[in-house]
Amino acid sequence: MKAGMNPLRTQPTTNEDNMTCSCGNPEPHVIARRQTYDGREVNLWSDGDLTQLLGIRIPGLGMPRSDASRRANMEVIKNVCLYNLNEIPAKVKELRKKLRAGA
């Protein structure tokens with residue numbers, strides 16, 4: 001975790017893309033909960049963010065700022081049960097590169 005970075009999801013996202021969840025709620029909220037291989041809970045938020053239980057940041061993983069980042073997080077949550085918590089940031093980064101390259 002970078003110095004000065006808040007470890008909790010306390011600041012609301014800006015929703016500048018006017019993203020609205022399919023449920024109709026424009027506010028960020030948890031849309032999927034999964035467990036990692038090492039038994040840690042991971043939450044996917046409606047804005048594409050991935051956090052631990054109670055909104056605690058996953059070390060090494062920041063807020064998604066691009067569409068590729070949000071899509072990578074959504075792909076990772078599908079198979080998060082195959083990874084330990086500390087492997088998630090590397091997997092997200094790998095998927096971001098593939099998505100940006102158009103693979």
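Everything numeric in this text was worked out from a predicted model, so none of it was measured.
- The CZ atom of Arg34 sits 6.0 Å away from the CD1 atom of Ile77 when rounded to the nearest 0.5 Å.
- With sequence neighbours excluded, the residues forming a side chain to side chain donor-acceptor pair (under 3.5 Å) with Thr36 are Asp38, listed by chain and number.
- Using modelled atom types, one side-chain atom of Asp47 and one backbone atom of Asp49 make a donor-acceptor pair closer than 3.5 Å.
- Nearest heavy atom pair, residue Arg96 against residue Ser69, reads NE-OG, 3.2 Å.
- Partner of Val42 under the side chain to side chain contact (heavy atoms under 4.5 Å, CB included) criterion, out of Asn73, Val76, Leu53, Leu85: Leu85 alone.
- For the atom pair CG (Asp67) and CZ (Arg100), the distance works out to 10.0 Å, reported to the nearest 0.5 Å.
- Looking at Asn25 and Ser46, their side chains never come closer than 4.5 Å, going by heavy atoms from C-beta outward.
- Looking only at side-chain heavy atoms (C-beta outward), Gln52 and Arg57 stay at 4.5 Å or farther from each other.
- If you take CD1 on Ile31 and SG on Cys23, they are separated by 8.5 Å, rounding to the nearest 0.5 Å.
- The closest side-chain heavy-atom distance from Thr51 to Ile56 is not below 4.5 Å.
- Side chain to side chain, Gln35 and Arg40 fail the donor-acceptor criterion of an N or O pair below 3.5 Å.
- A distance of 8.0 Å separates CG in Asn84 from OH in Tyr37, rounded to the nearest 0.5 Å.
- Tested against Leu95 for a side chain to side chain contact (heavy atoms under 4.5 Å, CB included), the candidates Glu75, Arg71, Met74 yield a single pass: Glu75.
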What's the verdict on side-chain contact (heavy atoms from CB on, under 4.5 Å) for Asn43 and Leu50, showing C-alpha distance, side-chain angles and the deciding distance?
CA-CA 6 Å; Asn43 295 327; Leu50 277 179; over 6 Å; no
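- The shortest distance between side-chain heavy atoms of Val30 and Leu44 does not fall below 4.5 Å.
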